[in-house]
> 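Take a look at the following structure, please.
Position 1 is the first residue of the sequence; numbering continues from there. Every number for a ligand or one of its atoms is a count from 1 in the order of the listing.
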Amino acid sequence: MAAPGKTFKIITYGCQMNQRDSEMMADLLQAAGYEPVADLEDAGVIILDTCCVREKAENKVYGKLGQIERFKSANQDLIIAVAGCMVQQPGMAARIRQQAPYVDLLLGTHNLHELPRLLAAVKELHQPQVAVPTEEGPLAEDLPQRRARGARAFVTITYGCNNYCTYCIVPYVRGRERSRRPEAILKEVADLVSQGVIEITLLGQNVNSYGHDLGEATTFAGLLTRVNAVQGLQRLRYITSHPGDFTPALVATISRLDRVCEHVHLPVQAGSNRILELMHRGYTREHYLDLVASLRARIPGISLTTDLIVGFPGETEADFLATLDLVAEVQFDNAFTFMYSPRQGTVAATLPGQLPLAVKKERLQRLMAVQNRISLTKNESMVGQVVEVLVEGPSKTDPARVSGRTRTNKLVIFPGDASLTGRLVNVRVTQAQTWLLKGESSHG
Ligand code: SF4
């Protein structure tokens, strides 16, 4: 039983980087004697781990803070913290303090490891604490050992990004790219595998540029090779890849490594060279298509997923058709499609030619229709195949079934119970939908 006030609940918004940050905060709190609780009502500390990449995520945070405020009137000792990249935006800490003065702690992306100390300061001094530096300090390593949360785990390899794509706020809130030392990453992977983890996903905004800041000898290909050799690891994934930094040498390395899964998430964002240049993506459509061809040639059966933005400032109908054409040519297994929305502080927000919402919506619908047809056709071609599925747990919609992912990252649902969680099961695909496959356990 935790001491009064020593319970916590973390609500996470945004990407896997944030999920991993939240896990890290949970580990730190548990090492400091706090216990996680399922319900907000039972928490002595509530942390919102925020995202500012999309405006919607930011609005959700304010909505949630409004709801949480009522717990504070019932429990004056409740500590409310807001952490993550929304807090790190210039001027945002002051804005949150103004809009939600009951928030006790504001914690930027570079200070998450200071959470226990800052919570203690809030309690002792009875004063709100703000830790949002503009300069990054050294990377925090040797934090309290975390416990594995099942058969899959995320391991961060780089923080920040150097690319400054014109629509993206990440470099401003997560800072310049910084790579963790390979020894620290390998130790974390080995610890997780010794606790039963069999699938590791290496995380970074641009994993392909891993090691640029550590000297020439340290590369992403080298890191993958070393992680691939960890005894007991079955599957190795990585997100996110940047097409501009995906070298032929890396393609060759990946094709040789047996644990590396046959899936690349390779955001293309647009199919028009003019728009790619305005986005400052650093590659052309031709480079992207060559890369896809070489991945498919070297890694048979590889699945490719992507991110696409429609309605970037100045996007003409011809530019948009170039995106549709690229989607049809590549035949992605799946795509995350977004309407461009301006983020304050980015270059794209100031570009001329911002498009009306109706145009963006209409283009998004057309793009989704094309991609959904492709996803369905690709999934239908898998009916009858036997695939290896790492079971993640009971299906959210049907407790008599379990769900998991193939090496190619396809979601599969099949009859089974919670005892299969964390196991690799061969499944025969019997039915295909746009977003998932259905199947039955196979002994073949
Ligand atoms: S690569 Fe571009 S889109 Fe991705 S995080 Fe960096 S700046 Fe943002």
Side-chain angles (χ1 to χ4, degrees), residues 13-21 49-58 84-90 108-110 136 139 154 156-180 201-213 219-220 237-247 250 264-285 287-288 291 304-313 315 323 326 332 335-351:
Y13 299 88
C15 64
Q16 280 98 345
M17 294 293 282
N18 261 25
Q19 282 173 31
R20 178 63 202 109
D21 283 348
D49 191 6
T50 62
C51 167
C52 64
V53 172
R54 308 203 182 277
E55 207 164 14
K56 252 200 219 148
E58 201 175 303
C85 55
M86 178 175 155
V87 181
Q88 195 73 42
Q89 275 179 285
T109 46
H110 307 302
E136 301 119 25
L139 288 180
F154 292 106
T156 305
I157 64 167
T158 63
Y159 295 92
C161 183
N162 287 350
N163 280 344
Y164 290 95
C165 300
T166 52
Y167 53 84
C168 180
I169 194 83
V170 164
Y172 304 97
V173 292
R174 290 216 172 241
R176 304 283 292 171
E177 182 180 277
R178 295 180 302 160
S179 305
R180 289 180 69 199
T201 303
L202 303 178
L203 279 184
Q205 306 292 350
N206 173 7
V207 288
N208 310 120
S209 67
Y210 170 79
H212 282 185
D213 50 335
T219 62
F220 183 55
R237 300 186 186 279
Y238 47 92
I239 39 173
T240 297
S241 293
H242 190 286
D245 291 312
F246 214 120
T247 60
L250 180 59
V264 181
H265 184 64
L266 196 62
V268 63
Q269 307 298 8
S272 144
N273 280 337
R274 201 178 68 81
I275 297 298
L276 286 173
E277 201 175 330
L278 284 173
M279 288 177 164
H280 198 235
R281 287 292 288 172
Y283 54 84
T284 60
R285 170 193 179 98
H287 170 88
Y288 189 90
L291 177 57
L304 293 172
T305 54
T306 199
D307 295 338
L308 293 155
I309 298 173
V310 297
F312 191 78
E315 183 188 73
T323 297
L326 179 132
F332 293 107
F336 298 93
T337 50
F338 303 97
M339 267 189 307
Y340 170 75
S341 81
R343 301 307 292 131
Q344 215 188 342
T346 61
V347 173
T350 65
L351 288 177

> Strictly distance-based, threshold 3.5 Å: is any side-chain N or O of Ser179 a donor or acceptor partner for the main-chain N or O of Thr158?
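Not a single qualifying donor-acceptor pair exists.
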
> Determine whether more than 12 heavy atoms belonging to other residues, nucleotides or ligands lie under 6.0 Å from atom CD of Gln344.
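Counting other residues, nucleotides and ligands, CD of Gln344 stays at 12 neighbours or fewer.
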
> Could you tell me whether ligand 1 has any atom less than 4.0 Å away from a heavy atom of Arg281?
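Right, Arg281 reaches ligand 1.
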
> Under the side-chain contact (heavy atoms from CB on, under 4.5 Å) rule, collect the residues that match up with Asn273, sequence neighbours excluded.
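If we apply the side-chain contact (heavy atoms from CB on, under 4.5 Å) test to Asn273, skipping adjacent residues, the hits are Leu276, Thr284, Arg285, Glu286.
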
> Hydrogens and angles aside, do Gln269 and Tyr167 bring a side-chain donor and acceptor to less than 3.5 Å of each other?
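Yes, a side-chain donor-acceptor pair sits under 3.5 Å.
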
> Nearest protein heavy atom to atom 3 (S) of ligand 1, by residue and atom, and its distance?
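In this structure, atom 3 (S) of ligand 1 has Tyr167 OH, 3.5 Å as its nearest protein heavy atom.
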
> Near atom 6 (Fe) of ligand 1, which protein N/O/S atoms are found at less than 2.8 Å?
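Atoms qualifying: Cys161 SG.
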
> Could you list the residues that satisfy salt bridge (Lys or Arg N to Asp or Glu O under 4.0 Å) with Asp49, not counting sequence neighbours?
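Partners of Asp49 under the salt bridge (Lys or Arg N to Asp or Glu O under 4.0 Å) test: none.
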
> Does a donor on one side chain and an acceptor on the other come within less than 3.5 Å for Ser209 and Glu177?
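Yes - a donor-acceptor pair under 3.5 Å links their side chains.
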
> Just jot down the side-chain hydrogen bond (donor to acceptor under 3.5 Å, both in side chains) partners of His265, sequence neighbours excluded, or say none.
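Per chain and number, His265 pairs via side-chain hydrogen bond (donor to acceptor under 3.5 Å, both in side chains) with Thr305, Asp307.
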
